[in-house]
Amino acid sequence: MIIVSKNSDGDFSSVQAAVDAAKSGDEILVKSGVYKERVEITKPNITLLGKGAENTVLENNYYAKMIMPDGEKRGTFRSYTLLINTNNFTCKNMTITNSAGFGSEVGQAIAVYAEGDGIFFEDCRLIGHQDTLFTGPLPEQEYEKGGFRGPTEFAPRVQGRQLYRRCYISGEVDFIFGSAEAYFDGCDIFSYNCNKEINGYVTAASTYNDREVGYVFNNCRLISDCPENTVYLGRPWRDYAKTVFIGCEFGEHIHHDGFHDWNKEKARETAFYAVYNCTKSGAEFIPSAPFVKSISREYAESLLERMNKLSDELSML
């Protein structure tokens with residue numbers, strides 16, 4: 001095991017230095033402290049272990065509107081605090097935060113850029129505002145030239161599976177977004193109050209047309225200090241977005257429509273949005289938006305069976 005410490009009792013004093021020295025299969029123990037750095041992980045089979053999410057913090061504050069030395073804006077996909085661009089990565093008991101601030105002031109600011117198969121976060125805190133967690137790959141095509149400027153802009157679009165267990169994820173606009181098959185199990189999802197008529201969107205999936213599953217949230221709590229009916233469960237970053245909530249508890253902040261169509265006429269027909277056996281302030285929640293699908297108990301159970309198999313596989317990596 002490689003040990004990172006802010007004091008003199010470790011192998012390295014920075015997380016990136018430990019990652020650079022690590023070999024595939026290594027575990028890196030990050031002792032308590034606030035590590036103000038950006039970390040990029042491109043080697044497979046690496047594990048980061050913190051000493052508790054409250055105690056071990058990886059923090060940076062890059063943001064989309066930031067002007068780089070060449071005069072160009074940094075953009076969304078170069079704003080990350082932690083980049084994972086590999087397979088079979090595990091992170092436990094840590095906080096990863098992008099502290100740049102509200103999206104209305106700084107634009108997008110990614111805390112975790114996660115791309116690869118077998119990515120697993122457990123008992124972690126992922127903190128940001130706009131675009132907190134990116135679950136790659138990128139969509140097949142950007143809307144504007146240069147819109148995907150970043151580490152995987154020209155990389156093959158490889159689909160991956162991701163698991164987030166008992167994590168706390170915070171943000172405002174589209175703060176869980178991307179194209180991966182991702183399972184959120186027993187997580188707390190916090191939406192910030194932006195003091196707007198609409199305070200945000202929890203998800204912005206860009207699921208590919210040929211994929212059966214996008215985002216699945218099971219037994220999660222959606223919490224907030226926002227006024228009632230001011231936050232949507234999601235909107236379609238791309239037309240075939242797939243997002244399902246099962247057995248979740250919603251606060252009063254969740255909009256009665258459930259999901260927003262982002263004014264995309266095609267997405268009303270092609271997106272797959274569903275809510276099953278969820279409650280809002282203790283009562284059954286049935287979304288008002290007409291394009292939200294109704295799913296059967298059998299479908300919900302089969303989806304959870306698939307997700308629990310994924311959970312078992314990733315837990316053993």
Side-chain angles (χ1 to χ4, degrees), residues 2 4 6 12-22 26-64 66 74-101 106 108-138 150-153 155 160 162-171 175-178 180 182 184 187 314 317:
I2 299 172
V4 181
K6 300 290 289 185
F12 299 94
S13 60
S14 84
V15 179
Q16 186 64 62
V19 169
D20 291 343
D26 279 348
E27 291 186 348
I28 300 171
L29 175 64
V30 186
K31 290 193 170 184
S32 298
V34 178
Y35 297 83
K36 294 191 175 184
E37 56 178 307
R38 299 179 84 204
V39 174
E40 299 180 346
I41 299 176
T42 57
K43 300 172 185 177
N45 301 297
I46 297 293
T47 298
L48 289 183
L49 301 173
K51 297 292 286 184
E54 300 82 5
N55 304 316
T56 307
V57 179
L58 182 65
E59 178 183 345
N60 200 61
N61 61 354
Y62 284 5
Y63 54 93
M66 177 184 288
R74 180 168 293 279
T76 301
F77 299 102
R78 293 186 288 186
S79 67
Y80 54 82
T81 297
L82 173 63
L83 168 70
I84 303 125
N85 186 16
T86 189
N87 296 330
N88 302 333
F89 168 81
T90 297
C91 183
K92 297 182 179 182
N93 305 314
M94 290 185 66
T95 290
I96 298 95
T97 182
N98 189 316
S99 56
V106 302
Q108 299 87 346
I110 294 175
V112 174
Y113 188 128
E115 182 156 347
D117 186 55
I119 293 175
F120 176 27
F121 282 82
E122 183 176 73
D123 295 318
C124 288
R125 290 163 52 88
L126 312 181
I127 308 296
H129 281 272
Q130 184 168 345
D131 291 12
T132 304
L133 170 62
F134 172 60
T135 65
L138 292 160
T152 60
E153 179 180 9
Q162 304 183 13
L163 169 64
Y164 299 84
R165 181 189 291 156
R166 297 191 304 272
C167 290
Y168 175 94
I169 307 171
S170 69
F175 62 96
I176 301 173
F177 72 114
F184 300 85
C187 295
L314 268 57
L317 290 175

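Positions are given from 1 along the sequence.
- Side chain of Thr56 to backbone of Met94: no donor-acceptor contact under 3.5 angstrom is found.
- Proximity of Leu314 to Thr90: side-chain heavy atoms (C-beta onward) are nowhere separated by under 4.5 Å.
- Note that the CD1 atom of Ile46 and the CG atom of Asn88 stand 10.5 Å from one another [nearest 0.5 Å].
- Asn98 has its side chain out of reach of Thr132: every pair of non-hydrogen atoms, C-beta onward, lies at least 4.5 Å apart.
- Side chains of Tyr164 and Ile176 form no contact here, defined as non-hydrogen atoms less than 4.5 Å apart.
- No donor-acceptor pair under 3.5 Å is formed between the side chain of Arg125 and the backbone N or O of Glu54.
- The closest donor-acceptor contact from the side chain of Lys31 to the backbone of Lys6 lies at 3.5 Å or more, if one exists at all.
- With values rounded to the nearest 0.5 angstrom, Tyr80 atom OH is found 9.5 Å from Tyr62 atom OH.
- To the nearest 0.5 Å, the span separating CG on Asn93 from NZ on Lys51 amounts to 9.5 Å.
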Evaluate side-chain contact (heavy atoms from CB on, under 4.5 Å) for Phe184 paired with Ile169, printing each intermediate quantity in order. CA-CA 10 Å; Phe184 300 85; Ile169 307 171; 3.9 Å; yes
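- Between Phe77 and Pro151 the shortest heavy-atom distance is O-CD, 3.2 Å.
- For the pair Thr95 (side chain) and Ala53 (backbone), a donor-acceptor distance under 3.5 Å is present.
- Considering every non-hydrogen atom in both Val15 and Val4, the closest pair reads N-CG1, 3.9 Å.
- For the residue pair Glu115 and Thr152, a side-chain donor N or O sits within less than 3.5 Å of a side-chain acceptor on the partner.
- Counting only distance, with no hydrogens or angles, the side chain of Ser170 and the backbone of Ile127 share no donor-acceptor pair below 3.5 Å.
- Ile96 and Leu82 get closest at one heavy-atom pair: CG2-CB, 3.9 Å.
- Gln162 places no side-chain N or O within 3.5 Å of a backbone atom of Ala180 that could act as its donor or acceptor partner.
- A distance-only check finds a donor-acceptor pair linking the side chain of Ser79 to the backbone of Ile110 [under 3.5 Å].
- Every residue two or more places apart in sequence or in another chain that forms a ring-ring contact (aromatic ring centres under 6.0 Å, His included) with Phe89 is listed here: Phe121.
- Of the inter-residue distances, the one linking Gln108 atom CD with Phe177 atom CZ reads 7.5 Å to the nearest 0.5 angstrom.
- In this structure, the side chain of Glu37 does not engage the main chain of Ser14 through any donor-acceptor pair within 3.5 Å.
- Here the shortest heavy-atom pairing between Tyr63 and Val106 reads CD1-O, 3.4 Å.
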Candidate pair Asp123 and Lys92, rule salt bridge (Lys or Arg N to Asp or Glu O under 4.0 Å), full reasoning: CA-CA 6 Å; Asp123 295 318; Lys92 297 182 179 182; over 6 Å; no
side-chain contact (heavy atoms from CB on, under 4.5 Å), that's the test. Do Thr81 and Thr97 meet it? Break it down for me. CA-CA 7 Å; Thr81 297; Thr97 182; over 6 Å; no
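- Taking OH from Tyr113 and CG from Asn85, the interatomic distance works out to 7.0 Å, rounded to the nearest 0.5 Å.
- With hydrogens and angles disregarded, a donor-acceptor distance shorter than 3.5 Å links the side chain of Lys43 to the backbone of Val19.
- A cation-pi arrangement is not found for Arg165 relative to Phe120, the charged atom failing to lie both closer than 6.0 Å to the ring centre and inside a 45° cone about the ring normal.
- Between Glu122 atom CD and Leu163 atom CG the span is 8.0 Å, to the nearest 0.5 Å.
- Asn61 and Ala100 make their closest contact through O-CB, 3.6 Å (heavy atoms, listed as atom of the first residue, atom of the second, distance).
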